[in-house]
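Per chain, numbering begins at 1; letters A, B, ... match sequence-line order. What you are looking at is a predicted structure, and each value in this text was computed from that prediction instead of being measured.
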Amino acid sequence: MVTSLAIEEKKEEKKERKLPELPNAEKGKVVMRFAPNPNGPPTLGSARGMVVNDEYVKMYDGQLILRFDDTDPRTKRPLLEAYDWYIEDAEWLNVKFDRVIYASKRIPIYYDYIKELLKMEKAYPCFCSREEFKKYRDAGIECPHRNTTAEEALEVWEKMLSGEYKEGEVVIRIKTDMKHKDPAIRDWVAFRIIDCDHPLVGNEYRVYPTLDFESAIEDHLQGVTHIIRGKDLIDSERRQKYIYDYFGWEYPVTKHWGRVKIHEFGKLSTSEIRKKIEKGEYEGWDDPALPTIRAFRRRGFRAEAIRKFLLSLGVGENDVSVSLKNLYAENRKLIDKEANRYFFVWDAVEVKIDGLPEEVTVKIPTKPESGEFRVLRGEKTVFLSGDDWERFKDGELVRLKDFCTVKVDKENRVLEFVSWEMSNEVKKGKNIVHWLSWSDSVVCVVIGDKPRLKWGGFAEKNALKDAGKVVQFERFAFCRIEFASDEGIRAIYTHP
RNA sequence: GCUCCGGUGGUGUAGCCCGGCCAAUCAUACGGGACUCUCGAUCCCGUGACCCGGGUUCAAAUCCCGGCCGGAGCACCA
């Protein structure tokens, strides 16, 4: 009895592999956050952040915060629409946020804290140029501004706010240790002047905090207990800890993961995508050739498949380079049972069937094992896919699926009727192709998953009723019918 | 260059903290077969990995040292 129970448990454990436990995590007390810069819509990469954080929070009955780290209106300028895209895509991915925070709307709060640090002489205004400071940093020497008194510092700070300094003239640095063995940690910038309107808050501020500062304060304010983020931010922690020490706060538990590279997309940053869209290389943020969540939604992927795929990547610190085939496999498991099957004839070739005794109506299974059928007319003239026609050899026997068996006459570009029945020869060679009569056809274009890749041809009219759904075009691929009318069908390539 | 981090089959992952039950998990990919009037699905079967070299130990994927390879950071970007 005991043994069998143990076996059962083991089996379940194997099926539902969970994320590794978080250190020091108490049920009901975990607070995590996902902090993107909305300079574009969420991609698979950002979705990983959402999904894994969400999964942990669900695991521990905790809370998840969405925080927009949008404190640079110039270099990584936020995109106004993207704020909502994050919320929409998260919802679609079944990621639940307990609250949403916009850093750019909370700048005065960060001012209060830096003032505190200036008073404590743990921060100082620095008038060095970047180049000058780099020299000090590399040499491990303190810059002359470092021993500014609190009084002077506060005075400079007020002048910064009131606009007496130009952009680039002065920054506020956090005192760390100019002899720290890692130069990246030495006195880092917490505030700088940026004369540029912000998409969300306009011209309200010109003194902006850096990510490191804003994030440090905000994590504490929101009571974040655990942080999971990319390893590119690993030094952030070491920098931010100084502030935590000065204020006597406790730093959250952190975990970092490596970069994800998808074979099919290569390395594509949000800003690169943006440029390519502007240049017209992509049609928009939801171009099916793009790794954005919006594109995957458009292609008809299931959120559950994306979640599983992302979770299967684990939370290790090494970089992963993975193929989308894994995602396809997950998604296929979900859609295969539900997708209706239809014929889609691409690069259509029109051919006559010589000697067809009569035109008939044929029944073809719509869904495997469901007993549902669709009806097509078998007429004297049919369309075949160009690929198939090219492949055929003269005199070859071919089965028009569920219709009739024919012999190919390449020279005269016709098919000779052989029989209604399937022949063994055809069966062995698996020479079964899809086809379409004129009266059942509707113009169809399928937008591919590579830039500018498209297939044109005819789809069967039966597919018209599946607008919005994912179907399988037999012997082609799964596709989502995005638009359907008597004029034609536009479908988006999902995956094979 | 400096500072960190990592290296398990083609790919991703579990195991590593607390050495033995690990001739190493799961998924995907690939190969073969069965079934099917789709190049899909399903069902069988199979292929295939602990970076290298030392050390500790009765015993190492797991601990220690060295090497090699890969990655990240060193911005008034996030």
Side-chain angles (χ1 to χ4, degrees), chain A residues 13-15 17 20 23 35-39 69-72 74-78 103 126 128-130 133-134 137-138 140 167-173 180-186 188-194 207-212 214-215 229-236 238-239 256 258-261 263 269-271 308-309 311-330 332-333 336-337 339 341-343 362 364-365 367-369 387 399-405 421-423 426-427 430-434 472-478 496:
Chain A
E13 235 175 86
K14 272 181 182 173
K15 275 206 166 164
R17 173 160 310 117
N37 172 18
N39 61 341
D69 282 345
D70 56 348
T71 57
D72 183 350
R74 199 198 309 279
T75 319
K76 291 249 168 113
R77 189 175 173 80
C126 173
C128 294
S129 69
R130 291 170 202 243
F133 191 82
K134 187 173 168 23
R137 183 179 51 219
D138 291 347
E167 186 172 331
E169 208 175 330
V170 59
V171 298
I172 304 292
R173 289 186 187 277
H180 194 288
K181 58 181 178 171
D182 184 353
I185 309 304
R186 299 173 189 165
W188 50 275
V189 173
F191 281 86
R192 75 288 209 210
I193 298 167
I194 303 175
V207 179
Y208 287 93
T210 56
L211 168 83
D212 279 332
E214 172 265 315
S215 175
R229 59 185 166 197
K231 67 176 176 183
D232 48 324
L233 290 166
I234 218 154
D235 286 340
S236 242
R238 287 192 272 266
R239 283 196 282 255
H256 296 91
R259 233 191 138 83
V260 187
K261 201 171 100 191
H263 295 334
S269 70
T270 304
S271 30
K308 278 195 177 154
F309 170 72
L311 256 11
S312 81
L313 266 30
V315 285
E317 220 170 289
N318 44 355
D319 297 343
V320 298
S321 177
V322 66
S323 165
L324 236 29
K325 282 181 181 171
N326 295 280
L327 208 209
Y328 295 167
E330 288 296 347
R332 191 149 44 220
K333 282 177 201 159
D336 185 64
K337 290 185 253 358
R341 269 60 175 171
Y342 297 111
F343 285 164
V362 300
I364 309 180
K367 261 187 241 182
E369 289 157 36
D387 286 355
R399 177 70 180 174
L400 303 186
K401 188 172 184 270
D402 295 305
F403 176 24
C404 63
T405 305
E421 288 78 39
M422 170 66 120
S423 90
V426 172
K427 206 167 181 174
K430 293 200 166 182
N431 218 352
I432 303 164
V433 303
H434 55 104
Q472 190 195 56
F473 285 138
E474 292 191 51
R475 304 208 315 132
F476 182 70
F478 287 98

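On the C1' atoms, rA61(B) is 13 Å away from rU25(B), given to the nearest whole Å. Across the C1' atoms, rC50(B) and rA24(B) are found 8 Å apart, a figure rounded to whole Å. With both ends at atom P, the span from rC39(B) to rG6(B) equals 47 Å, rounded to whole Å.
Side-chain atoms of Arg399(A) come within 3.5 Å of backbone atoms of Glu421(A) as a donor-acceptor pair (strictly under, hydrogens ignored). In this structure a side-chain-to-backbone donor-acceptor pair under 3.5 Å is present from Arg186(A) to His180(A).
Between Asp336(A) and Arg341(A) a salt bridge is recorded (basic side-chain N to carboxylate O distance below 4.0 Å).
Of the candidates rC76(B), rU3(B), rA78(B), rU3(B) carries the atom nearest the Asp182(A) side chain, counting heavy atoms from C-beta on. Residue Lys325(A) places its side chain closer to rU28(B) than to any other of rU28(B), rG71(B), rA78(B). Closest to the Thr71(A) side chain, of the nucleotides rU13(B), rC77(B), rA78(B), is rA78(B). Closest to the side chain of Ala184(A), out of rC37(B), rG73(B), rC76(B), is rG73(B). Considering only the side chain of Arg137(A), rC74(B) comes nearest among rC74(B), rC77(B), rC4(B). Side-chain atoms of Thr75(A) lie closest to rC77(B) of the nucleotides rU28(B), rC77(B), rC2(B). Of the candidate nucleotides rC77(B), rA72(B), rG6(B), rA72(B) has the atom lying nearest to any side-chain atom of Lys231(A). Distance from the side chain of Val322(A) is smallest to rG12(B) among rC5(B), rG12(B), rC76(B). Looking at the side chain of Asn318(A), the nearest of the listed nucleotides rC2(B), rU13(B), rG12(B) is rU13(B). The listed nucleotides are rC76(B), rA75(B), rU3(B); the one nearest the side chain of Lys134(A) is rA75(B).
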Problem set entry | From CA spacing to verdict: side-chain contact (heavy atoms from CB on, under 4.5 Å), His434(A), Phe476(A) | CA-CA 10 Å; His434(A) 55 104; Phe476(A) 182 70; over 6 Å; no

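At a threshold of 4.5 Å between non-hydrogen side-chain atoms, the residues Thr270(A) and Lys76(A) do not count as touching.
Annotation: Lys367(A), atom NZ; neighbour count of heavy atoms from other residues, nucleotides and ligands within 6.0 Å is above 12.
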For this session: Classify every nucleotide of nucleotides 38-47 of chain B by which part a protein heavy atom approaches to under 4.0 Å, writing B for the base, S for the sugar-phosphate alone and - for neither, in 5'-to-3' order.
Result: BBSS------

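Rounded to an integer number of Å, the gap from Asp69(A) CG to rA78(B) P is 8 Å. rC26(B) atom P lies 16 Å from atom CD of Glu330(A), rounded to whole Å. Distance NZ (Lys181(A)) to C1' (rC5(B)): 13 Å, rounded to an integer number of Å.
In this structure, Ser271(A) reaches neither bases nor backbone, as no heavy-atom distance under 4.0 Å exists between it and the strands shown. Base engagement by Asp232(A) is indicated by at least one non-hydrogen atom pair under 4.0 Å involving a base atom. Note on Cys404(A): nothing from the nucleic acid sits closer than 4.0 angstrom, heavy atoms only. Val171(A) comes within 4.0 angstrom of a nucleotide base, judged by non-hydrogen atoms across all strands. The residue Ser321(A) sits close only to the backbone: its heavy atoms come under 4.0 Å of sugar-phosphate atoms, none of a base. Nucleic acid contact for Asp402(A): base, since at least one base atom lies under 4.0 Å from a heavy atom of the residue.
Judged by Watson-Crick or G-U wobble contacts below 3.5 Å, the nucleotide rC21(B) has no partner. Base-pair partner of rG12(B): rC26(B) (Watson-Crick or G-U wobble, both distances under 3.5 Å). The partner of rG6(B) is rC69(B), by the rule that a Watson-Crick or G-U pair needs both atom distances under 3.5 Å. Using Watson-Crick or G-U wobble geometry with both donor-acceptor distances under 3.5 Å, rG31(B) finds its partner in rC45(B).
Annotation: the span from Leu400(A) atom CG to Thr405(A) atom OG1 amounts to 7.5 Å, rounded to 0.5 Å.
Across all their heavy atoms, Asp69(A) and Ala103(A) have their closest contact at CA-CB, 4.4 Å.
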